[in-house]
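The model shown is predicted, which means the values in this text are computed figures rather than measured ones.
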Amino acid sequence: MCISLLMAGMVFFYFYIYRVVPVFSEAVCEYGDPLSQDITDYLSGSDWSVHLGELDLSQVDEGHTGVYQASVYHGNTTYTYTITIQDTVPPEILWRDGRICLPADASCRVEDVIEGVSDADPLTETFFRWDGAEQKEIRFDQVGEYELEICARDRAGNESEGRVQVIVDTPPRLEGIRNFYCVPGSEPDYLEAVTAWDDMDGDLTAQIKVDDSEIELDREGVYPLRYLAEDSCGLETVAEARIMVAEAEDIQELIGWRQIDYRKDTVLGAPNIYDAGVSEQENMEETLEYMRPTFVHLYYDKGRGGYSSGSGYIMEITEEYIYICSNRHVVEKNDQWDIYFYEGTKVRGRVLGVSDGYDVGVVVVNRGDVPERLLDQLMTVHIDRTYWEELDQQGLEVALERIDREGGLIHVTTGNLVKIKQLFEWNRQQYHTEVTVELVHGDSGSAIIDGYGNLICMAYAFSVKPTRYWCVPLDGILDSYARITGHMPYVY
């Protein structure tokens with residue numbers, strides 16, 4: 001009797017309390033949906049017995065589609081489940097609101113056109129479909145409106161597509177960006193020569209933004225200066241310049257070594273921003289070409305085929321005048337002269353005065369009579385008296401370049417320095433510079449320079465038996481110039 005009751009109790013316990021059965025043997029899951037971790041989704045039976053089961057999903061890779069096996073251990077029994085993970089949902093392309101703009105002449109990806117892609121597959125790819133071909137990048141070299149077909153495909157092959165209108169534009173062009181070199185306390189206009197232009201929007205100069213937040217104009221140093229221009233498509237152009245705040249002599253030294261140039265940089269507070277400077281390497285051909293904007297041709301038409309002519313060079317450029325130095329015996333022939341600059345421009349000049357000592361004369365041109373385009377090119381000769389005073393008798397190469405009235409060259413003559421100060425038997429027996437540069441009629445008043453760009457002397461005269469070539473020495477030029485004009489040009 002007791003045994004029967006015990007057996008009956010065991011049967012009841014097993015079938016009604018302990019016994020469990022699998023809920024399923026095979027299941028299909030959508031990729032991206034998490035697999036259930038709840039044991040009751042895998043076993044059916046009493047709540048107490050079901051929770052004795054241990055779920056094992058270690059063989060299931062939820063990050064990839066495929067067929068996997070899951071297991072549930074319940075007592076000495078193992079239940080096996082076949083789980084298929086499949087991806088049947090195509091990606092969703094997330095479109096952008098508003099206008100979509102792309103820069104011309106630049107490679108663009110789909111990410112530049114859409115907001116993104118929503119899909120369970122993290123490795124879903126996007127691409128353009130253009131002319132029947134799939135392209136990861138696209139490029140347009142012409143501005144305008146284009147329709148693009150965008151596609152998104154996951155690894156299961158599910159695909160979405162759509163079309164979007166884009167505007168292809170060029171980013172604004174910033175022009176006139178210059179570096180600044182100024183003395184403490186200056187008030188530079190950072191936008192003085194800067195313009196911005198966009199192919200679709202036109203002139204954007206008024207919208208240029210300047211970031212000068214790091215600049216201290218009262219403190220010496222080098223600071224960054226940034227410009228930003230943005231068009232209606234949101235395309236930006238950023239450019240950077242620098243501003244150097246330094247003492248006037250320090251800035252002038254940079255000009256003198258041709259490290260900065262008023263034609264390319266904005267220079268404020270230096271004594272002579274127009275100085276041609278000197279090169280670090282001696283090269284006569286390059287130096288003459290570089291210094292050509294300092295040379296002029298003087299011409300006077302006497303009528304009936306008669307004329308007077310000579311040469312000269314620019315000593316100073318001020319707010320009112322351009323001062324030109326030549327020989328006295330050239331300029332004293334007439335009160336006014338036609339001044340031809342290096343590229344052929346003719347401007348009327350008047351004689352300011354001549355020297356009673358050395359053969360030096362000065363002609364001035366009203367700055368306002370000179371075209372702005374030419375003013376942006378002119379320079380003054382470089383005068384380094386300290387360097388000159390250390391010269392003596394030596395074989396230093398020197399030359400003159402004589403320009404014509406059409407913007408060309410009459411000739412270039414080279415030679416050597418014989419002696420920087422040599423006793424001259426004529427013209428009050430003043431000391432003159434002797435050179436081997438062959439002088440001919442019309443060379444009078446020409447600047448004689450060395451291969452670095454230093455003004456050495458001014459062509460004056462030649463003697464015969466023996467043939468010797470004479471020039472006004474630099475100190476004679478400067479002393480005479482100061483007497484005639486009442487001031488001295490900048491001298492290093």
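- In this structure, E406 places its CD atom where more than 12 heavy-atom neighbours from other residues, nucleotides or ligands lie under 6.0 Å away.
- Using a 4.5 Å cut-off on side-chain heavy atoms (C-beta onward), Y342 and R292 make contact.
- Atom CD of Q377 has more than 12 neighbouring heavy atoms from other residues, nucleotides or ligands inside a 6.0 Å radius.
- For D41, the side chain to side chain donor-acceptor pair (under 3.5 Å) partners are S36, not counting sequence neighbours.
- A distance-only check finds no donor-acceptor pair linking the side chain of D198 to the backbone of G202 [under 3.5 Å].
- Here F140 contributes atom CZ and L102 contributes atom CG; the two are 7.0 Å apart, rounded to the nearest 0.5 Å.
- Rounded to the nearest 0.5 Å, atoms CD (Q252) and CH2 (W257) are 13.5 Å apart.
- Considering only heavy atoms from C-beta on, Y73 comes within 4.5 Å of D56 through its side chain.
- Looking only at atom types and distance, the side chain of R242 has a donor-acceptor partner in the side chain of Y181 under 3.5 Å away.
- With a 6.0 Å radius and a threshold of 12 heavy atoms from other residues, nucleotides or ligands, K136 has its NZ atom above the threshold.
- Across all non-hydrogen atoms, the minimal contact from E230 to L204 is O-CD1, 3.8 Å.
- Evaluation of the side chain to side chain contact (heavy atoms under 4.5 Å, CB included) rule for V28 yields T84, Q86 as partners, not counting sequence neighbours.
- No donor-acceptor distance shorter than 3.5 angstrom exists from the side chain of D131 to the backbone of A133, with no hydrogens or angles considered.
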Stepwise side chain to side chain donor-acceptor pair (under 3.5 Å) test for Y492 and D275: CA-CA 11 Å; Y492 289 85; D275 175 44; 2.7 Å; yes
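- In this structure, R405 satisfies the cation-pi test against Y299, with its NZ or CZ atom closer than 6.0 Å to the six-membered ring centre and inside 45 degrees of the ring normal.
- When each of L217, V267, V245 is tested with P188 by the rule side-chain contact (heavy atoms from CB on, under 4.5 Å), just one qualifies, namely L217.
- Contact annotation: the side chain of L148 never approaches that of I100 to less than 4.5 Å [non-hydrogen atoms, C-beta and beyond].
- In terms of modelled atom types and a separation under 3.5 Å, the side chain of D404 and the main chain of G407 share a donor-acceptor contact.
- Crowding of Q165 atom CD: a count of heavy atoms from other residues, nucleotides or ligands under 6.0 Å exceeding 12.
- T205 contributes a side-chain N or O that, together with a main-chain N or O of A196, makes up a donor-acceptor pair within less than 3.5 Å.
- With values rounded to the nearest 0.5 angstrom, E285 atom CD is found 11.0 Å from T414 atom OG1.
- Side-chain contact between D121 and T124: present, with at least one pair of heavy atoms (C-beta onward) separated by less than 4.5 Å.
- For E62, the CD atom sits in a packed shell: over 12 heavy atoms of surrounding residues, nucleotides or ligands are nearer than 6.0 Å.
- Contact check for L235 versus M200: no side-chain heavy atoms found under the 4.5 Å cut-off.
- Remark: aromatic rings of H382 and Y274 are distant, center separation not under 6.0 Å.
- Of the possible polar contacts, one joining the S160 side chain to the P91 backbone as a donor-acceptor pair under 3.5 Å is found.
- Across all their heavy atoms, P171 and E236 have their closest contact at CB-O, 3.9 Å.
- A donor atom on one side chain and an acceptor atom on the other are found under 3.5 Å apart for T380 and N272.
- Considering NE2 of H51 and OG1 of T40, their distance stands at 6.0 Å, rounded to 0.5 Å.
- Remark: R129 engages E161 in a salt bridge, criterion side-chain N to carboxylate O under 4.0 Å.
- Within a 6.0 Å radius of CD in Q59, no more than 12 heavy atoms belonging to other residues, nucleotides or ligands are found.
- A donor-acceptor contact under 3.5 angstrom links the side chains of H487 and E316, judged on distance only.
- One distance of note links CZ of R19 with CG of L43; it measures 12.0 Å at 0.5 Å rounding.
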Candidate pair D199 and R173, rule side-chain contact (heavy atoms from CB on, under 4.5 Å), full reasoning: CA-CA 9 Å; D199 288 336; R173 295 187 296 276; 3.1 Å; yes
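- Using a 4.5 Å heavy-atom threshold, the side chains of R99 and S232 count as touching.
- More than 12 heavy atoms of other residues, nucleotides or ligands sit less than 6.0 Å from atom CH2 of W95.
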Worked verdict on L35 versus C29 for side-chain contact (heavy atoms from CB on, under 4.5 Å): CA-CA 8 Å; L35 289 178; C29 300; 3.4 Å; yes
Worked verdict on I208 versus V194 for side-chain contact (heavy atoms from CB on, under 4.5 Å): CA-CA 9 Å; I208 297 175; V194 182; 3.8 Å; yes
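- Under the 6.0 Å distance and 45° angle rule, R263 counts as a cation-pi partner of Y290.
- Here W388 and Y452 keep their ring centres 6.0 angstrom or further from each other.
- Nearest heavy-atom pair across P489 and L478 is CG-CD2, 4.0 Å.
- With hydrogens and angles disregarded, a donor-acceptor distance shorter than 3.5 Å links the side chain of N416 to the backbone of G395.
- At least one side-chain heavy atom of F128 sits under 4.5 Å from a side-chain heavy atom of V110.
- Judged by distance alone, the side chain of R96 and the main-chain N or O of I114 form a donor-acceptor pair under 3.5 Å.
- Taking the charged nitrogens against the carboxylate oxygens, R155 and E125 have no contact shorter than 4.0 Å, which rules out a salt bridge.
- In this structure the side chain of Q37 never reaches within 4.5 angstrom of the side chain of Y42, judged on heavy atoms.
- One N or O on the side chain of Y227 and one on the backbone of Y190 form a donor-acceptor pair closer than 3.5 Å.
- Judged purely by distance below 3.5 Å, without hydrogens or angles, the side chains of E30 and T88 pair a donor atom with an acceptor atom.
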Derivation and outcome, side-chain contact (heavy atoms from CB on, under 4.5 Å), residues N179 and I260: CA-CA 9 Å; N179 292 324; I260 60 177; over 6 Å; no
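- Residues H297 and F341 place their aromatic rings such that the two centres sit no closer than 6.0 Å.
- Side-chain N or O atoms of R139 include one that pairs as donor or acceptor with a backbone N or O of D105 at under 3.5 Å.
- Side-chain atoms of E343 and T345 include a donor-acceptor pair closer than 3.5 Å.
- Nearest heavy atom pair, residue A399 against residue L288, reads CB-CD1, 4.1 Å.
- When every heavy atom of L298 is checked against every heavy atom of G312, the shortest pair comes out as CD1-N, 3.7 Å.
- Y31 and D119 share no side-chain donor-acceptor pair at under 3.5 Å.
- Checked by atom type, the side-chain pair T65/D87 shows no donor-acceptor distance below 3.5 Å.
- Formation of a donor-acceptor pair under 3.5 Å by the D265 side chain with backbone atoms of Y262 is not found in this model.
- Here the straight-line distance linking atom CG of L455 with atom CD1 of I448 works out to 9.0 Å at 0.5 Å rounding.
- More than 12 non-hydrogen atoms from other residues, nucleotides or ligands lie less than 6.0 angstrom from CD of E240.
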